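Numbers here are sequence positions counted from 1. Note that the structure is a prediction, hence the values are computed from the model and not measured. Whatever order the structure lists them in is the order used to number ligands and atoms, beginning at 1.
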Amino acid sequence: MTYSRILGVGSFLPAKRVSNDDLAQIVETSDEWIFQRTGIKARHLAADDENTSDLAVKAARNALQQANTDPNEIDLIIVGTVTGDYAFPSTACLVQQKLGITNRCPAFDIQAACAGFMYAMTMADAYIRGGLCKKALIIGAETLSRIVNWQDRNTCVLFGDGAGAAVLGASDEPGILCSKMYADGEFASVLHMDGRMNNGDWTGAKFINMDGQAVFKFAVKALSEVAKETIEAANFPAEKIDWLVPHQANSRIIDATAKHLKLPPEKVILTVAEHANTSAASIPLALDYDIQSGKIQRGQHLLLEGIGGGFAWGAMLLRY
Ligand code: UT7
């Protein structure tokens with residue numbers, strides 16, 4: 001039986017770190033308010049000349065190195081992002097070119113907001129198990145700072161920039177065990193940026209818009225349900241999960257979901273304090289951070305979960 005296994009993970013955070021106190025100089029807020037409501041202490045923001053593909057390429061290089069993989073061995077590239085460099089071509093095509101991949105492998109973006117990395121992993125898993133590719137480069141990368149209204153304290157304190165990547169390879173050893181992805185467009189207006197180009201003019205919103213409480217309420221229920229469903233579908237005992245690696249949006253959502261799953265806090269990977277919400281980048285960033293720290297070890301079982309605009313959400317159980 002063919003599985004998709006993570007061969008290597010990498011990430012990249014832009015150099016500029018902005019603390020809650022720094023933000024309190026721009027909008028009426030405080031470190032106390034932000035930290036109590038979200039668990040966020042700081043976020044990293046891309047420089048003016050850094051685009052999503054630049055962050056993606058740096059994360060990808062780290063992942064390729066960890067996977068001991070030459071870029072031209074990659075035969076599929078998927079980037080999860082809502083802040084691609086351009087309307088088109090895809091950020092994945094730019095990444096292919098910047099990495100010097102000349103084998104003409106398929107490369108495309110997936111737009112599933114904060115669930116983008118898991119959606120991309122799920123698609124790559126299907127490619128690999130279906131024999132369509134052998135080594136896939138999966139990236140979550142965002143420059144959300146470009147679509148955040150820095151005058152709006154309701155949203156600007158929540159988001160950050162960054163990228164994370166994984167090389168997935170075909171293997172006889174178990175890797176991805178199960179994934180369940182969902183979407184419900186009925187909730188499109190709860191978390192969105194409904195702007196677009198129209199004959200040379202931008203029409204509609206230029207910034208992220210969110211009904212925070214509605215997201216919160218839906219998220220805890222949906223994430224708990226999909227996580228349980230994923231574990232059950234894999235016929236995997238919940239107590240054998242070594243780490244919950246959740247989308248890093250808000251520590252209160254993460255705590256509530258872990259409680260529903262009866263997972264103790266010691267088994268939860270939490271990086272939101274330093275990264276804030278980096279949308280599609282948050283799960284691979286968290287993964288890489290705690291692989292590097294030594295917490296996450298080879299052979300351990302990880303449960304990934306997250307939700308974002310759409311709503312789009314899901315969970316994935318894998319053996320690292
Ligand atoms: O990937 C998914 C992404 N989204 C999320 O995960 C968001 C989920 N939602 C949340 O985490 C929370 O709803 C928020 C952290 C966004 C907001 O917390 P809340 O407890 O739901 O606050 P609220 O929106 O009900 O606002 C409470 C008060 C309001 O003031 P009044 O009307 O009570 O006077 C806001 O104006 O807090 C005010 N407020 C702030 N105060 C200081 C809103 N933002 C801020 C701020 N600093 N940054």
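By the definition of a contact as any protein heavy atom under 4.0 Å away, atom 13 (O) of ligand 1 is in contact. Distances from atom 31 (P) of ligand 1 to the protein include no heavy-atom value under 4.0 Å. In this structure, atom 25 (O) of ligand 1 is in close contact with the protein, since a protein heavy atom lies within 4.0 Å of it.
Of the protein's heavy atoms, W33 CH2, 3.3 Å lies nearest to atom 44 (N) of ligand 1. Summary of contacts: the protein heavy atom closest to atom 5 (C) of ligand 1 is V215 CG1, 3.8 Å. Nearest protein heavy-atom contact of atom 46 (C) of ligand 1 is T29 OG1, 3.3 Å. In terms of protein heavy-atom proximity, atom 23 (P) of ligand 1 is nearest to Q213 NE2, 3.9 Å. Residue, atom and distance of the protein heavy atom nearest to atom 4 (N) of ligand 1 are M210 SD, 3.3 Å. In terms of protein heavy-atom proximity, atom 3 (C) of ligand 1 is closest to N277 ND2, 3.4 Å. Protein heavy atom nearest atom 15 (C) of ligand 1, with residue, atom name and distance: T38 CG2, 3.7 Å.
Under the 4.5 Å side-chain criterion, counting only non-hydrogen atoms from C-beta, N154 is not in contact with M210. In this structure the side chain of T38 never reaches within 4.5 angstrom of the side chain of V272, judged on heavy atoms. Contact of the F207 side chain with the V148 side chain is not registered, since no non-hydrogen atoms from C-beta on lie closer than 4.5 Å. Side-chain contact check for H44 versus D161: every heavy-atom pair is 4.5 Å or farther apart. Put simply, the side chain of Q248 does not reach to within 4.5 Å of the side chain of L285, judged on heavy atoms. Side-chain contact between L99 and I74 is absent, with no heavy-atom pair separated by less than 4.5 Å. Side-chain contact check for W202 versus M197: some heavy-atom pair is nearer than 4.5 Å.
Only the side chain of I253 comes within 4.0 Å of ligand 1, counting heavy atoms alone; its backbone N, CA, C and O stay farther away. Of all the heavy atoms of N250, the ones lying under 4.0 Å from any atom of ligand 1 belong exclusively to the side chain. With a heavy-atom cut-off of 4.0 Å, N154 touches ligand 1 through backbone and side chain alike.
The shortest N or O to N or O distance between S30 and ligand 1 is not below 3.5 Å. Between R153 and ligand 1, a contact under 3.5 Å exists for at least one N or O pair.
In the vicinity of C114, heavy-atom distances shorter than 4.0 Å reach the ligand 1 atoms 1 (O). Near A249, with a cut-off below 4.0 Å to any heavy atom, the atoms of ligand 1 are 1 (O), 6 (O). Ligand-side atoms of ligand 1 in range of H247: 1 (O), range being under 4.0 angstrom from any heavy atom. For ligand 1, the atoms closer than 4.0 angstrom to any heavy atom of V157 are 48 (N). Atoms of ligand 1 found under 4.0 Å from any heavy atom of I307, numbered from 1 in the order shown, are 1 (O), 2 (C).
Between the OG atom of S30 and the CG atom of N20 there is a distance of 8.0 Å, given to the nearest 0.5 Å. With rounding to the nearest 0.5 angstrom, the CG atom of D152 is 9.0 Å from the CG atom of L158.
Between F218 and W313, the two ring planes are perpendicular [angle over 60°; tilted spans 30° to 60°].
Sorted by first and then second residue, the side chain to side chain donor-acceptor pair (under 3.5 Å) pairs with a member in residues 295-307 read W243-Q300; sequence neighbours excluded.
Of the listed options A113, G39, G212, A115, G212 places a heavy atom closest to atom 9 (N) of ligand 1. Checking R37, Q36, Q248 against atom 19 (P) of ligand 1, the nearest heavy atom belongs to R37.
Here E225 pairs with K221 in a salt bridge; the nearest charged N to carboxylate O distance falls below 4.0 Å. Salt bridge R17/E274: present, at least one basic N to carboxylate O contact under 4.0 Å.
Residues forming a salt bridge (charged side-chain N to carboxylate O under 4.0 Å, His left out) with K134 (at least two apart in sequence, or on another chain): none.
Look at L23 and you'll find every heavy atom at least 4.0 Å from all atoms of ligand 1.
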